[in-house]
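See structure below.
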Amino acid sequence: MTWLRKHLLGLQELSREEIEMVLASADSFKEVLARAIKKVPALRGKTVVNLFYEPSTRTRVSFEVAAKRLSADVINIAVETSSVKKGESLIDTGRNIQALRADIIVLRHNSSGAALLLSRNVDISVVNAGDGWHEHPTQALLDIFTLKEKLGRIEGLKVTIVGDIAHSRVARSNIWGLTKLGAKVTVCAPQMLIPAKIEELGVRVSYDIDEALKAADAVNVLRMQFERDEGNAFPRQVEYFKNYGITQERLEKLKNNILVMHPGPLNRGIEISAEVADGENSVILEQVTNGIAVRMAVLFLVAQAKEKNETTH
Ligand code: CP
């Protein structure tokens, strides 16, 4: 199979084979990262621009490290100090970055659909680094990569995603990716944080965290996104931690040795206890490390597709 996409906008549009191709390619790049010289010339002469309209630590740095490991030149644009502050639109910003001869724009934006919009208005590659509540494809790919690395497979795995499902692009991308690869996904949260008709995406809904964890091989704990609580509808932090927080006490009641994941940033004492976050079930920092290999794979594949001029977009 050949990778034909010059953009990566979401996992909804990817086939199982395409997801597996990214994972296989990330495996090879992980091997590169274990070498004494952690660098390959795959993107030499290419320029990657990180265009971030929202704060980020992991994703922005991870894309920068990934691009540098591929020998690309990297430019980071923080919108706070760019002409976006003078009213320049996303499309004009993208077209100017293209005119400056960049090859790939990595976009984080607060609006769902921003990456798709940009991809339709520039000729260069666009990689979605998180758009509103919609998708965060590279986060889900690195989550799936970590699950596969730790548990040996995805097919048939039971994965519980707990937390603010309603506002979570990480949840949506994980659901698309995991179900395509044959995992059984349960989402768990208070009712107000579960979107209507989420079952139509092929997941099971539970409102009881202990029940949702009981048979799970892994739990992906989501951050409570208090900044998105427009109607002041979220449960109080103390109440949430008591009813849904992932604590050592909860894990000790389980028969399975459950894998604990979190995309970060963590709210310790709200959705996860410090003891669990730093404990032996946690693979949270390994997820961060795996993000480099996964993002190397994505940058490499989209650049290759663009070069071959065999795109589907
Ligand atoms: N997981 C994640 O997207 O983290 P950042 O917001 O720090 O990029």
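Order of appearance sets the numbers: ligands from 1, and atoms from 1 within every ligand.
The aromatic rings of Tyr53 and His109 sit tilted relative to each other, their planes meeting at an angle between 30° and 60°.
Atom 4 (O) of ligand 1 has as its closest protein heavy atom Arg58 NE, 3.0 Å. For atom 6 (O) of ligand 1, the nearest non-hydrogen atom of the protein is Arg108 NH1, 2.8 Å. The shortest contact between atom 1 (N) of ligand 1 and any protein heavy atom is with Pro263 O, 2.8 Å.
Residue contacts with ligand 1: Gly264 is placed with a nitrogen or oxygen under 3.5 Å of a nitrogen or oxygen of the ligand (distance criterion only). Among the atoms of Arg60, none of the N or O lies under 3.5 angstrom from an N or O of ligand 1.
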- request: Would you sort out whether Ile104 and Lys46 count as a side-chain contact (heavy atoms from CB on, under 4.5 Å), showing the intermediate values?
  value: CA-CA 8 Å; Ile104 301 173; Lys46 305 277 184 207; 6.0 Å; no

task: Give the C-alpha distance, both sets of side-chain angles, the deciding distance and a yes or no for side-chain contact (heavy atoms from CB on, under 4.5 Å) between Val205 and Ile165.
output: CA-CA 11 Å; Val205 175; Ile165 311 294; over 6 Å; no

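Salt-bridge formation is not detected for the pair Lys148/Glu20: no Lys NZ or Arg NE/NH1/NH2 atom is positioned less than 4.0 Å from an Asp or Glu carboxylate oxygen. The pair Lys253-Glu249 fails the salt-bridge criterion, with no side-chain N (NZ, NE, NH1 or NH2) lying under 4.0 Å from an Asp/Glu carboxylate O.
Ranked by closest heavy atom to atom 8 (O) of ligand 1, the top entry among Leu142, Asp143, Thr59, Thr138 is Thr59.
Using a 4.0 Å cut-off to heavy atoms of Thr57, the atoms of ligand 1 that qualify are 5 (P), 7 (O), 8 (O).
Cation-pi geometry between Arg108 and Phe52 is not met at under 6.0 angstrom from the ring centre and within 45 degrees of the axis.
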